[in-house]
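None of the values given here were measured: they were computed from a predicted structure. What you see below is based on every heavy atom in this structure, not just the backbone, and it leaves out hydrogens, waters and symmetry mates. Residue numbers start from 1 in every chain, and the chains themselves are labelled A, B, ... in the order their sequence lines are given, proteins ahead of strands.
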Protein chains: 2
Amino acid sequence: MPKGDLPKTRRGRARREQILRAAEEVFGEAGFAAASISEITRRAETAQGTLYIYFKSKEEIFRELVVEMGHLTRTVVTRALDPGATRLEAERAGLAAFLHFVAERPALYRIVEEARFVDPAAYRDYFTTFAKAYEARLKKAQADGEVRPGDAEVRAWALMGMAKALGERYALWGDPAEIDGVVDEAFALVREGLAP
Amino acid sequence: MPKGDLPKTRRGRARREQILRAAEEVFGEAGFAAASISEITRRAETAQGTLYIYFKSKEEIFRELVVEMGHLTRTVVTRALDPGATRLEAERAGLAAFLHFVAERPALYRIVEEARFVDPAAYRDYFTTFAKAYEARLKKAQADGEVRPGDAEVRAWALMGMAKALGERYALWGDPAEIDGVVDEAFALVREGLAP
DNA sequence: GCAAAACATGAACCATGAATCATGTTTCAT
DNA sequence: ATGAAACATGATTCATGGTTCATGTTTTGC
């Protein structure tokens, strides 16, 4: 029984995966507190005890999901940055990719945000890591003269916050069809600022 | 026993207030799930049953705090906008006031954010109301030619998101002394944008 | 001063649901 | 083929803590 490790057999790996996917669903829909182990195992079509072969607690499954989801978000956003367009245009694409991703997998947003309360360390880790990468990109763009000089760390957090709020308002609560328009407006703000 | 109403006697009003302040502390420190009624009443120096004279459930105390805190934040930020300075400068002052407020009463931030999970309706209400006010200010500024034309709603949510993220990173996790510098940097971004 | 309403108490009740464990079944290396 | 390790089961256990309630005490209006 590998507690922190991965399962040894094909069957084991499949079970663990089933449980994780069911947990993602249930945590996403009900939130951590209201999510019950019995509901998770019901959807995973296993016995309750089975879950404890692969995870040592309810918190541990949750943490695993946060890590997984963080990795996924970073992948989605980073992949969108590729094109050889302007640095700022690339950032625009990253924001668009993020918002569409939130709209497609709303459980992601909820789980990561709830981590602030369920597992503060994982939450902080996730955003700090993300911010560092963002900061590095901004610094590089600055060095290349593609953006005005300024504190890259503050900018990274400000822009991340923007993305989170827009994701909540438009991708989660609003009409997904609006997203592209929102991205245009938001990036106009980031590019030119508010001053006339 | 006034269930939704306010207490009739001076003593009653004082008790209710003691309980609310204790609840603010405990919810802020421990989060909703880990906060126990017994700990709240211990700090309020009353019996557990007393709490149920004034609130019909744990959720109801929490909701009351969200409403109260929302009102307080709006007051603090709005008060900071008074001066007859430039509209943009006034906004800068609002951001500064918000960040200092978060640093002073971190429980506020936590409770309001946790409301997303404990009481989604109250959470959404709170931010939608706030956004509407922000939007109106931006529209007015736009009409007066003090900011470039653009979608005021998107801008309001983007700027709110910025404030939340900066609050989390610098007012909650960072050194409060940094706040004024952060405000300057962030508002430079908002004013002039990233483009060189 | 006195009834009635409001307020206060804290031990006991009770639902909930996470975690365990004794008992099987399946997989895999040799 | 076979034994050992890995995996699977689900009813039972157990701690937790929100809520209730029977019994006082205090305040208020008249």
query: Could you state the CD1-P distance from I53(A) to dA19(C), rounded to the nearest angstrom?
result: 15 Å

- request: Give me the residues of residues 40-48 of chain A where at least one heavy atom lies under 4.0 Å from an atom of DNA chain D, by number, or none.
  value: T46(A), A47(A), Q48(A)

- request: Mind grabbing the angle between the end helix axes of the helix from dG1(C)-dC30(D) to dT30(C)-dA1(D)? Five pairs an end, 10° rounding.
  value: 30°

query: Could you state the CG-C1' distance from L51(B) to dT20(D), rounded to the nearest angstrom?
result: 13 Å

- request: For E24(A), check salt bridge (Lys or Arg N to Asp or Glu O under 4.0 Å) against everything at least two apart and list the hits.
  value: R21(A), R105(A)

Atom-pair distance (NZ on K56(B); C1' on dT20(D)), nearest Å: 15 Å

task: Not counting sequence neighbours, which residues clear ring pair (Phe, Tyr, Trp, His ring centres under 6.0 Å) with F62(A)? List them please.
output: F27(A), F32(A)

query: Residues in salt bridge (Lys or Arg N to Asp or Glu O under 4.0 Å) with D119(A), at least two apart?
result: R63(A)

- request: Is it possible for you to check whether K164(A) lies under 6.0 Å from the centre of the six-membered ring of Y109(A), through NZ or CZ, and within 45° of that ring's axis?
  value: no

Partners passing ring pair (Phe, Tyr, Trp, His ring centres under 6.0 Å) against F98(B) (at least two apart in sequence or in another chain): none

field: Contacting residues from residues 27-38 of chain B, given that a heavy atom lies under 4.0 angstrom of DNA chain D
entry: A35(B), S36(B), I37(B)

query: NZ of K56(A) to CG of L51(A): how many Å apart, nearest 0.5 Å?
result: 12.5 Å

- request: Hey, could you give me each pair passing side-chain hydrogen bond (donor to acceptor under 3.5 Å, both in side chains) that has a residue in residues 185-196 of chain A? Not counting sequence neighbours.
  value: E89(A)-R191(A)

query: Quick one: which of R137(A), K132(A), K139(A) gives a salt bridge (charged side-chain N to carboxylate O under 4.0 Å, His left out) with E135(A)?
result: K139(A)

task: Could you tell me whether the side chain of T128(B) and the main chain of R124(B) form a donor-acceptor pair under 3.5 Å?
output: yes

- prompt: How long is the line joining CZ of R16(A) and P of dA8(D), in whole Å?
  reply: 13 Å

field: Nucleotide-resolved protein contact map, nucleotides 24-30 of chain C, B/S/- at heavy-atom distance under 4.0 Å
entry: --SSS--

- request: Quickly work out the E39(A) CD to dA18(C) P distance and round it to whole Å.
  value: 11 Å

- prompt: Between Y54(B) and E17(B), does any side-chain donor sit less than 3.5 Å from a side-chain acceptor?
  reply: no

message: Between Y52(A) and dT20(C), is there a contact of a side-chain N or O with OP1 or OP2 at under 4.0 Å?
response: no

field: Side-chain heavy-atom pair E168(A), V102(A) within 4.5 angstrom cut-off
entry: no

message: Holding to ring pair (Phe, Tyr, Trp, His ring centres under 6.0 Å), I want the full list of residues that pass it with F187(B), two or more places apart in sequence or in another chain.
response: none

task: List in chain and number order the residues that pass side-chain hydrogen bond (donor to acceptor under 3.5 Å, both in side chains) with Q48(B), two or more places apart in sequence or in another chain; answer none if no residue qualifies.
output: none

field: ILVMFWY clustering at 4.5 Å (side-chain atoms), partners of F117(A)
entry: F117(B)

- prompt: Please give, in whole Å, the distance from dG18(D) P to F55(B) CZ?
  reply: 15 Å

message: How many whole angstroms separate atom CG of L6(A) from atom P of dC7(D)?
response: 10 Å

field: R15(B) vs dC7(C): side-chain N/O to OP1/OP2 distance below 4.0 Å
entry: no

query: Whole-Å distance between dA8(D) C1' and Y54(A) OH?
result: 8 Å

